[in-house]
Asker: 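After the structure tokens below, expect a handful of questions from me.
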Amino acid sequence: MRPSSSPEGALRPGQIVEALIEKGVYRGRGLARLDGRVVFVPRAHPGDRVRARVTEVHAGWAEGALVEVLAQAPARRTSPCPYVPRCGGCSYQDLDYEAQLRVKESVLRESLGRAGAAWEGPVVVHPSPESGWRMRASLHFAAGASGLALGLQQEGTRLVVDVLACLQLSERMNRAARALRDALAETPALWPRLRGLDLLESPDGGTLLAVLETDLAPRAGPGLVSLSARVPGLDGFGVATGPRLQWLHGTPSVEACVLGVVLRARPRSFFQANRFLLEPLARTVVDLVPAGDGRIVDLYAGVGLFALPLAARGEREVLAVEWSSSAAEDARWAAHRNGLDGVRVVTGDVATALAGAGPGTGERIVLDPPRTGAGPEVVALVADRAPESIVYVSCDPPTLGRDLAAFLARGYRPDAVHLFDLFPDTFHMETAVRLRRS
């Protein structure tokens, strides 16, 4: 990699440089080197030779913006999406799908290694169809001289790209989003109060819900009920006025049958986004948890995606801990609906719940924390219980690596790693790791 014009040879913001991308790194960036610095270039893929503009310079590393691909990597393709590269929704849309999976596995291994939790064993990769995989989507509104836009934000900015159809969404979700945008476009006075649109569809596509995010006063919410009639095929509609969600029309939840268990999710309950990998993910986690007589503790349990199928396989006692009252209510509903009396759902903080439930012989733990990871406190609390096994489900390789390194220091070693491409064409991934005491 060389600067195109630099009398002193040192990188500086605004400078145009040429780069050979060595490898892909987390967050969809390509890595190159110059003058002893690592340079990160978004949307540049391994094997690309690119021209980039330096945007930031730091001690030992720099950031760049892609200007031009001078020579394409063999795995590059013409993106099937017309909004690439303006839309920030997909980082790998212009990379062959098999190459995407290779990059993600490489990123996972490097993230674990950098954290001190290197994994040299096999990674079982679970691919996904690239189109129509989303069950959950959050879109943004923006008002301008050209009218009302609804879509995703341009990469690195808050500018909204007006998206007529997103390949991640089903046709039904795309039609509903455009119909609602068209209906709202007729009321310009309302535009400044609009924030976003949340969509939730059942895995089989049979039920579709929409929530309009606004900063309206609660008393104004019911006045928008007529919007639901303008959206064909919409089964439920609500309006969020600040933190309050007012349900105005139809059913407030979707259902999914996973491993023979009926689950329920409402718009503000966490539920995995990929309809095609929902059951494979649940099956893998259930299979990774060894059978036994001790209690299973499912931390950050959501609506019960793992806890309830584990109970259904015959586990005597399952404790599910979830901080979201909405998700916890959905889990309780599903436990009753499926006759799983051995499931106890606790609403609250994970650390508090663990302190209130003493460890038992043969205990097995499932961890599915948010992107920030479990963190040192929860890792210590879990390890202190000396569980027989831990299955850690993560959506963020760096925080996964940090927490695995902490478990390693407490005597737990991974013996199985699975990568689920829950978010194809994006830089996100889901990982399931089983740990056992060494």
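Residue numbers count from 1 along this sequence. Here the structure is a predicted model, which means the values were calculated and not measured. As a basis for the values below, the full set of heavy atoms in this structure was taken, side chains included, without hydrogen atoms, waters or symmetry mates.
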Asker: Surrounding CD of Glu171 (heavy atoms of other residues, nucleotides or ligands, distance under 6.0 Å), is the total greater than 12?
Answerer: no
Asker: Hey, does Tyr300 have a side-chain heavy atom less than 4.5 Å from the side chain of Val321?
Answerer: no
Asker: Do Val379 and Val382 come within less than 4.5 Å of each other through their side chains, counting heavy atoms only?
Answerer: no
Asker: Taking the six-membered ring for Trp, are the ring centroids of Phe423 and His428 within less than 6.0 Å of each other?
Answerer: yes
Asker: I'd like to know if the side chain of Gln153 and the backbone of Leu159 have a donor-acceptor N/O pair within less than 3.5 Å.
Answerer: no
Asker: Ignoring hydrogens and angles, tell me if any N or O in the side chain of Asp48 forms a donor-acceptor pair with the backbone of Ala44 under 3.5 Å.
Answerer: no
Asker: Using only heavy-atom distances, determine whether the side chains of Arg402 and Ser111 contain a donor-acceptor pair under 3.5 Å.
Answerer: no
Asker: Is it the case that the side chain of Thr284 and the backbone of Pro280 share a donor-acceptor pair, with hydrogens and angles ignored and the cut-off at 3.5 Å?
Answerer: yes
Asker: With rounding to the nearest 0.5 Å, note down the distance linking CG in Asp198 to CG in Leu212.
Answerer: 9.5 Å
Asker: Is any side-chain heavy atom of Val289 less than 4.5 Å from a side-chain heavy atom of Val366?
Answerer: yes
Asker: Under 4.0 Å between a Lys/Arg side-chain N and an Asp/Glu carboxylate O for Arg266 and Glu329?
Answerer: yes
Asker: Does the pair Asp94/Arg43 count as a salt bridge with the N-to-O cut at 4.0 Å?
Answerer: no
Asker: Stepwise, does the side chain to side chain contact (heavy atoms under 4.5 Å, CB included) test hold for Arg264 with Trp333?
Answerer: CA-CA 8 Å; Arg264 184 183 81 175; Trp333 176 93; 3.3 Å; yes
Asker: Do Leu197 and Leu180 pass the side chain to side chain contact (heavy atoms under 4.5 Å, CB included) test, and can you show the C-alpha distance, the side-chain angles, and the key distance before you say yes or no?
Answerer: CA-CA 9 Å; Leu197 173 65; Leu180 191 56; 3.4 Å; yes
Asker: Given the rule in the salt bridge (Lys or Arg N to Asp or Glu O under 4.0 Å) test, do Lys23 and Glu110 qualify, once you have shown the distances and angles that lead to the verdict?
Answerer: CA-CA 11 Å; Lys23 61 183 178 180; Glu110 179 163 350; 3.0 Å; yes
Asker: Using only atom types and a distance under 3.5 Å, with no angle test, would you say the side chain of Arg181 pairs donor to acceptor with the backbone of Ala149?
Answerer: no
Asker: Using a distance-only test with no angle check, is there a side-chain donor-acceptor pair under 3.5 angstrom linking Asp421 and Tyr97?
Answerer: yes
Asker: Ignoring hydrogens and angles, state whether a donor on the side chain of Asp235 or Thr251 is under 3.5 Å from an acceptor on the partner side chain.
Answerer: no
Asker: Salt bridge check: are Arg275 and Glu201 linked by an N-O gap of less than 4.0 Å?
Answerer: yes
Asker: Could you check whether any side-chain N or O of Arg316 sits under 3.5 Å from a backbone N or O of Ala311, counting only pairs where one atom can act as donor and the other as acceptor?
Answerer: no
Asker: Return the CG to OH distance between Leu435 and Tyr412, rounded to the nearest 0.5 Å.
Answerer: 9.0 Å
Asker: In this structure, are over 12 heavy atoms from other groups packed under 6.0 Å from Arg344 atom CZ?
Answerer: no
Asker: So, for Ala307 and Ala320, which heavy atoms are closest and what is the spacing to 0.1 Å?
Answerer: CB-CB, 4.0 Å
Asker: Using a strict threshold of under 4.0 Å (side-chain N to carboxylate O), is an ion pair present between Arg195 and Glu213?
Answerer: no
Asker: So, taking the atom named CG in Asp330 and the one named OG in Ser253, what distance separates them when rounded to the nearest 0.5 Å?
Answerer: 7.0 Å
Asker: Could Glu186 and Arg230 be called an ion pair, given the rule that one side-chain N must be under 4.0 Å from one carboxylate O?
Answerer: yes
Asker: Of all the heavy-atom pairs spanning Pro369 and Gly373, show the shortest one and how long it is.
Answerer: CB-C, 3.6 Å
Asker: Is the closest side-chain donor-acceptor distance between Ser202 and Asp204 under 3.5 Å?
Answerer: yes
Asker: Under the 3.5 angstrom rule, does the side chain of Ser324 hit a backbone N or O of Ala327 as a donor-acceptor pair?
Answerer: yes
Asker: Check for a donor-acceptor pair, side chain of Arg295 on one end and backbone N or O of Glu363 on the other, with a separation under 3.5 Å.
Answerer: no
Asker: Report yes or no: do Thr241 and Gln246 form a side-chain donor-acceptor pair below 3.5 Å?
Answerer: yes
Asker: Is there a donor-acceptor contact under 3.5 Å from the side chain of Thr214 to the main chain of Ala240?
Answerer: yes
Asker: Could you check whether Ser326 and Ser269, counting side-chain N and O atoms only, form a donor-acceptor pair closer than 3.5 Å?
Answerer: yes
Asker: Taking the six-membered ring where the residue is Trp, are the ring centres of Phe427 and Tyr26 under 6.0 Å apart?
Answerer: yes
Asker: Do Asp341 and His336 meet the criterion of a side-chain donor-acceptor pair at a distance under 3.5 Å?
Answerer: no
Asker: Going by an N to O cut-off under 4.0 Å, is there a salt bridge joining Glu98 and Arg77?
Answerer: no
Asker: Verify the neighbour count for atom CD of Glu377: are there more than 12 heavy atoms of other residues, nucleotides or ligands below 6.0 Å?
Answerer: no
Asker: Taking all non-hydrogen atoms of both residues into account, name the closest pair between Leu263 and Val303 and its distance.
Answerer: CD2-O, 4.2 Å
Asker: Keeping Tyr392 on the side-chain end and Ala374 on the backbone end, is there a donor-acceptor pair under 3.5 Å?
Answerer: yes
Asker: Please round to the nearest 0.5 Å and tell me the distance separating atom CD1 of Ile296 and atom CD of Glu315.
Answerer: 3.5 Å
Asker: Might you point out which heavy atoms bring Leu152 and Ser138 nearest each other, and give the distance in Å?
Answerer: CD2-O, 3.8 Å
Asker: Rounded to the nearest 0.5 Å, how far does OH of Tyr92 lie from CD of Gln100?
Answerer: 8.0 Å
Asker: Is Arg76 atom CZ crowded by more than 12 heavy atoms from other residues, nucleotides or ligands, each under 6.0 Å away?
Answerer: yes
Asker: Okay, side chain of Trp247, backbone of Val239: is any donor-acceptor separation there less than 3.5 Å?
Answerer: no
Asker: Any chance you could lay out the side chain to side chain contact (heavy atoms under 4.5 Å, CB included) test for Val225 and Phe237, step after step, and finish with the verdict?
Answerer: CA-CA 8 Å; Val225 65; Phe237 177 68; 5.6 Å; no
Asker: In this structure, are over 12 heavy atoms from other groups packed under 6.0 Å from Arg371 atom CZ?
Answerer: yes
Asker: Are a donor atom and an acceptor atom from the side chains of Arg134 and Gln168 found within less than 3.5 Å of each other?
Answerer: yes
Asker: Rounded to the nearest 0.5 Å, what's the gap from OG1 on Thr399 to CG on Leu404? Could you check?
Answerer: 9.5 Å
Asker: What is the minimum heavy-atom distance between Leu150 and Val160, and which atoms define it?
Answerer: C-CG1, 4.3 Å
Asker: Check whether any side-chain heavy atom of Arg385 lies under 4.5 Å from a side-chain heavy atom of Leu354, and answer yes or no.
Answerer: yes
Asker: Specify the closest pair of heavy atoms between Glu430 and Cys395, including all atoms of both residues, with the distance to one decimal.
Answerer: OE1-CB, 3.3 Å
Asker: Stepwise, does the salt bridge (Lys or Arg N to Asp or Glu O under 4.0 Å) test hold for Arg364 with Glu388?
Answerer: CA-CA 5 Å; Arg364 293 145 293 159; Glu388 178 182 320; 5.2 Å; no
Asker: Let me check something: any side-chain donor-acceptor pairs from residues 121-129 under 3.5 Å, sequence neighbours excluded? List them with distances.
Answerer:
from: His126; atom 1: NE2; to: His418; atom 2: ND1; distance (Å): 2.9
from: Ser128; atom 1: OG; to: Asn274; atom 2: ND2; distance (Å): 3.0

Asker: Tell me, yes or no, whether the heavy-atom count around Trp323 atom CH2, taken from other residues, nucleotides or ligands under 6.0 Å, exceeds 12.
Answerer: no
Asker: Is Asp162 salt-bridged to Arg178, going by a charged N under 4.0 Å from an acidic O?
Answerer: yes
Asker: So Gln272 and Leu422, side chain to side chain contact (heavy atoms under 4.5 Å, CB included) or not? Walk me through it.
Answerer: CA-CA 8 Å; Gln272 295 290 356; Leu422 256 61; 3.2 Å; yes
